[in-house]
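Worksheet for the structure shown next.
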Number of protein chains: 2
Amino acid sequence: MEERVKQIKQQLSAHNYKLTPQREATVRVLLENEEDHLSAEDVYLLVKEKAPEIGLATVYRTLELLSDLAIIHKLNFGDGVTRYEFRAEGAEHHHHHLICLHCGTVDEITDDWLGPIEKRVEKQFDFQIIDHRLTFHGICHRCKDQVKDPKKLVGSKVT
Amino acid sequence: MEERVKQIKQQLSAHNYKLTPQREATVRVLLENEEDHLSAEDVYLLVKEKAPEIGLATVYRTLELLSDLAIIHKLNFGDGVTRYEFRAEGAEHHHHHLICLHCGTVDEITDDWLGPIEKRVEKQFDFQIIDHRLTFHGICHRCKDQVKDPKKLVGSKVT
DNA sequence: ATTCTGTCGATATCGACTATCAGATAAGAA
DNA sequence: TTCTTATCTGATAGTCGATATCGACAGAAT
């Protein structure tokens with residue numbers, strides 16, 4: 001934890017940014033909730049608990065900054081809110097997500113299975129891949145008994 | 001074209017919806033620009049050319065309706081705008097996209113290469129897949145000569 | 001001290017989208 | 001036809017996430 005805060009501090013100062021108290025509080029919230037996919041609003045509320053004077057704009061600015069420096073990732077699950085996730089250290093690509101259309105839970109696949117497909121894309125379309133995103137929409141193991149007709153769930157969701 | 005309009009009319013009436021002049025104009029715009037990924041605003045402006053009296057709300061309602069009936073698909077490329085795309089007839093999954101981080105062009109892969117991966121996900125995570133989305137972010141063949149350092153493009157894009 | 005740069009919180013503004021509501025339109029019933 | 005009812009529409013106000021703006025403030029440089 002302290003280790004990672006220090007590391008982020010160095011990444012910031014490498015680009016002439018300071019780890020201000022507000023930024024540190026934001027980073028700590030992100031670290032403490034690493035397994036979740038927090039929205040800016042979520043982060044704001046959590047940061048307020050330890051630093052009540054912080055402004056929403058500062059949270060947005062900090063998240064944007066961390067995202068610019070590729071310390072965190074912006075995610076979009078189609079619910080109209082940008083979510084943030086720590087970048088796995090050294091990971092070239094971010095991992096994949098399983099979104100349950102019934103309960104909304106987002107699980108993760110940390111393996112990257114797309115190697116062969118990427119090779120195929122690069123060759124067949126002359127497209128140099130920098131990153132990818134793969135999301136599966138369906139019914140998670142927790143909900144499978146409660147859903148009779150999965151086809152009905154296709155609906156108007158953004159995918 | 002007329003064929004498909006008629007088919008959509010039947011899909012609507014099967015659910016007790018009418019193909020009103022406004023809805024028909026909207027459908028025709030979508031059909032005429034099938035290769036693009038139009039936003040609601042795009043559709044609105046195009047429909048206005050042939051039916052100037054139409055309101056923005058009606059376009060949104062029509063797109064929502066077509067989406068509910070799984071006639072079109074909502075897409076999200078992370079630019080804060082929902083885009084719409086015709087559903088390939090009978091296609092279970094929609095196709096994949098190649099997004100160029102330099103020029104923003106969105107190309108398509110109409111093949112579905114995820115079969116084996118889906119089997120793996122279903123087995124390993126006990127997750128029943130209904131749909132998926134796969135997007136590659138990188139440099140398209142048109143831009144590859146203009147971009148020296150692709151790493152710089154990673155930046156703060158939503159992915 | 002004074003200036004400059006970076007950062008801050010509050011808040012106005014933006015843009016995509018949705019809700020509301022009165023009027024239009026179409027489909028039945030009498 | 002005429003009345004009734006449900007559906008649909010356009011205008012517009014409101015919502016909500018995100019961004020831009022602004023004056024204030026701290027620390028470094030001169």
Side-chain angles (χ1 to χ4, degrees), chain A residues 8-9 11-27 29 37-69 72-84 155-158, chain B residues 8-9 11-27 29 37-69 72 74-84 155-159:
Chain A
I8 289 165
K9 180 174 181 174
Q11 287 178 265
L12 286 177
S13 58
H15 292 84
N16 286 344
Y17 294 112
K18 303 166 206 165
L19 186 64
T20 63
Q22 292 91 337
R23 287 177 182 164
E24 179 167 345
T26 305
V27 165
V29 163
H37 301 104
L38 300 179
S39 67
E41 195 74 26
D42 294 335
V43 175
Y44 175 59
L45 294 175
L46 288 168
V47 173
K48 275 220 135 182
E49 291 175 9
K50 50 176 69 172
E53 77 289 354
I54 202 170
L56 176 58
T58 301
V59 172
Y60 272 103
R61 279 186 291 239
T62 302
L63 293 172
E64 188 66 25
L65 175 61
L66 295 173
S67 183
D68 281 342
L69 298 182
I72 60 176
H73 240 123
K74 286 189 184 180
L75 299 176
N76 188 322
F77 294 137
D79 60 350
V81 192
T82 301
R83 299 180 177 279
Y84 300 86
S156 66
K157 285 197 82 78
V158 183
Chain B
I8 289 165
K9 181 174 181 173
Q11 287 178 267
L12 286 177
S13 59
H15 292 83
N16 286 345
Y17 294 113
K18 305 165 206 167
L19 185 63
T20 63
Q22 293 90 336
R23 286 176 182 165
E24 179 167 343
T26 305
V27 165
V29 162
H37 301 103
L38 301 179
S39 67
E41 195 74 24
D42 294 335
V43 175
Y44 175 60
L45 294 175
L46 288 168
V47 174
K48 275 221 135 183
E49 291 176 9
K50 49 175 70 171
E53 76 290 353
I54 201 171
L56 177 60
T58 302
V59 171
Y60 272 103
R61 279 187 292 241
T62 302
L63 293 172
E64 190 66 24
L65 175 60
L66 295 173
S67 182
D68 281 344
L69 298 182
I72 61 176
K74 286 188 185 181
L75 300 177
N76 188 320
F77 294 136
D79 60 350
V81 191
T82 302
R83 299 180 177 277
Y84 300 87
S156 65
K157 285 197 81 79
V158 183
T159 50

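A note on names: the letters A, B, ... follow the listed sequences, proteins ahead of strands, and every chain is numbered from 1.
Between B:E24 and B:K9, no side-chain nitrogen of the basic residue sits less than 4.0 Å from a carboxylate oxygen of the acidic one, so the salt-bridge criterion is not met.
The distance from atom CD1 of A:I54 to atom C1' of C:dA10 is 13 Å, rounded to the nearest whole Å. In this structure, A:L66 places its CG atom 12 Å from P of C:dT7, rounding to the nearest Å. We find that CD of B:E41 is positioned 13 Å from P of C:dT18, with the value rounded to whole Å. Per the geometry, NZ belonging to B:K18 stands 5 Å off C1' belonging to C:dA26, to the nearest Å. The distance from atom CG of A:N16 to atom P of C:dT5 is 13 Å, rounded to the nearest whole Å. Separating the CD atom of A:Q22 from the C1' atom of D:dC25 is a distance of 11 Å, rounded to the nearest angstrom. Residue B:L38 contributes atom CG, which lies 13 Å from atom P of C:dC17 at whole-angstrom precision. The CG-P distance, from A:D79 to D:dC16, rounds to 14 Å in whole Å.
One finds no side-chain N or O of B:Y60 lying less than 4.0 angstrom from the OP1 or OP2 phosphate oxygen of C:dT18.
Between B:T58 and B:T20 the shortest side-chain heavy-atom distance does not fall below 4.5 Å.
Closest contact between the side chain of B:T82 and the listed nucleotides C:dC17, C:dT7, C:dC8 involves C:dC17. Comparing D:dC8, D:dA18, C:dC8 by their nearest atom to the side chain of A:R23 picks out C:dC8. Here the nucleotide nearest the side chain of B:A57, chosen from D:dA11, C:dA16, D:dA20, is D:dA11. Listed candidates were C:dA16, D:dT9, C:dT11. Nearest to the side chain of B:T58 is D:dT9.
Within the 4.0 angstrom heavy-atom criterion, only backbone atoms of the sugar-phosphate kind lie near A:E53; the bases stay farther away. B:L56 comes within 4.0 angstrom of nothing in the nucleic acid, heavy atoms only.
Side chain of A:D68 to main chain of A:L65: no donor-acceptor pair is present (N/O by atom type, distance under 3.5 Å, no hydrogens or angles). At least one donor-acceptor pair under 3.5 Å links the side chain of B:R23 to the backbone N or O of B:K18.
Heavy-atom distances to DNA chain C give each of A:Y44 and A:L65 a nearest nucleotide, and the one nearer the 5′ end belongs to A:L65.
No N or O donor and acceptor, one from the side chain of A:R61 and one from the base of C:dG6, sit under 3.5 Å apart.
Considering A:E41, A:H37, A:E64, A:K74 in turn, A:K74 is the only one that fulfils the side chain to side chain contact (heavy atoms under 4.5 Å, CB included) rule with A:T82.
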